[in-house]
Amino acid sequence: MKPAACSRRSFLLSSGPTLTGAWLVANWPTIVAAAQHSHSSAEATPETFTFFKPADAADIEAITAQIVPSGKTPGAHEAHATHFIDHSLTTIFAWRADSFRAGLKQFQSGFHSAHPDAGAFAHVSSDTQIAWLKSVETTEFFQTTRLLTLLGMFSSPKYGGNYNEVGWKMLGFVDEHVFSPPFGYYDAQYTGFVPYTSEKHT
């Protein structure tokens with residue numbers, strides 16, 4: 001992996017709030033629904049969005065592509081993270097939809113003020129995008145976008161997220177389905193285990 005790609009990932013992936021197991025368990029049904037939406041929406045032609053207007057979707061796509069950039073391994077673009085975010089802001093993160101929209105507007109207006117001749121954030125160079133993201137990395141808007149990007153990247157493929165297992169491939173994880181019970185003292189007497197079966201999307 002090139003040093004530039006490593007530095008981008010280390011900078012952008014290391015910031016932001018930490019997901020807790022309890023939060024994920026409590027919200028898993030809605031995360032699954034968002035993952036399924038990201039899969040079906042990204043397959044549609046032309047692409048459709050519920051929360052974002054086309055220009056806003058393009059800016060979010062550019063941000064997610066810097067959070068988890070593409071290169072020798074697929075990134076957020078290949079995972080269809082923007083579609084996941086779009087649906088999440090009408091479901092699991094609906095309570096932050098207004099603040100997210102306001103944050104996006106502030107992000108865009110701030111960028112235009114700093115780069116009056118550059119055009120939209122989505123259309124400028126990667127270096128210019130990274131420099132601006134560094135300047136806003138502590139904002140609520142960026143933190144929320146980062147969180148939703150990671151959720152879209154690492155959802156289980158059987159639920160429609162992590163499209164074509166791109167998130168797992170980036171981590172080097174291989175789901176070999178070779179695990180068998182009992183896994184430890186806590187379930188040694190449990191007889192209801194049902195082996196996991198992979199359901200890959202074509």
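- Residues passing the side chain to side chain donor-acceptor pair (under 3.5 Å) test with Thr138: none are found, sequence neighbours excluded.
- When all heavy atoms of Gly75 and Ser70 are compared, the pair lying nearest together is N-OG, 3.6 Å.
- Applying the salt bridge (charged side-chain N to carboxylate O under 4.0 Å, His left out) test to pairs two or more places apart or on separate chains, none has a residue in residues 105-130.
- Among the candidates Gln129, Gln108, His112, the single residue satisfying the side-chain contact (heavy atoms from CB on, under 4.5 Å) test with Phe121 is Gln129.
- Under the 30°/60° scheme for interplanar angles, the aromatic rings of Phe93 and Trp95 are found to lie parallel.
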Run Ile60 and Phe100 through side chain to side chain contact (heavy atoms under 4.5 Å, CB included) and show every step you take.
CA-CA 11 Å; Ile60 294 297; Phe100 187 93; 3.9 Å; yes
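- By the side chain to side chain contact (heavy atoms under 4.5 Å, CB included) test, Glu140 is found to be paired with Arg96, Ser99, Thr144, residues two or more places apart in sequence or in another chain being considered.
- Remark: His115 pairs with Phe111 by the ring pair (Phe, Tyr, Trp, His ring centres under 6.0 Å) rule, at least two apart or across chains.
- In this structure the side chain of Leu148 reaches within 4.5 angstrom of the side chain of Leu89, judged on heavy atoms.
- Qualifying side chain to side chain contact (heavy atoms under 4.5 Å, CB included) partners for Ser109, counting only residues two or more places apart in sequence or in other chains: none.
- With sequence neighbours left out, Phe52 forms a ring pair (Phe, Tyr, Trp, His ring centres under 6.0 Å) with no residue at all.
- Scanning all heavy atoms of the two residues, the minimum distance from Ala58 to Ala122 falls at O-CB, 3.4 Å.
- No more than 12 heavy-atom neighbours from other residues, nucleotides or ligands sit within 6.0 angstrom of NE2 on His123.
- Listed by first and then second residue, the salt bridge (charged side-chain N to carboxylate O under 4.0 Å, His left out) pairs that reach into residues 55-66 come to none, sequence neighbours excluded.
- Considering only heavy atoms from C-beta on, Phe142 comes within 4.5 Å of Leu133 through its side chain.
- No option in Leu151, Ile63, Thr64 other than Thr64 meets the side-chain contact (heavy atoms from CB on, under 4.5 Å) test with Ile85.
- Here Phe51 pairs with nothing under the ring pair (Phe, Tyr, Trp, His ring centres under 6.0 Å) rule; sequence neighbours left out.
- Under the side chain to side chain donor-acceptor pair (under 3.5 Å) criterion, Thr90 pairs with no residue, sequence neighbours left out.
- Nearest heavy-atom pair, Gln66 versus Ser126, reported as atom, atom and distance to 0.1 Å: NE2-OG, 3.0 Å.
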Could you please spell out the steps behind the side chain to side chain contact (heavy atoms under 4.5 Å, CB included) verdict for Leu104 and Thr145?
CA-CA 10 Å; Leu104 174 57; Thr145 304; over 6 Å; no
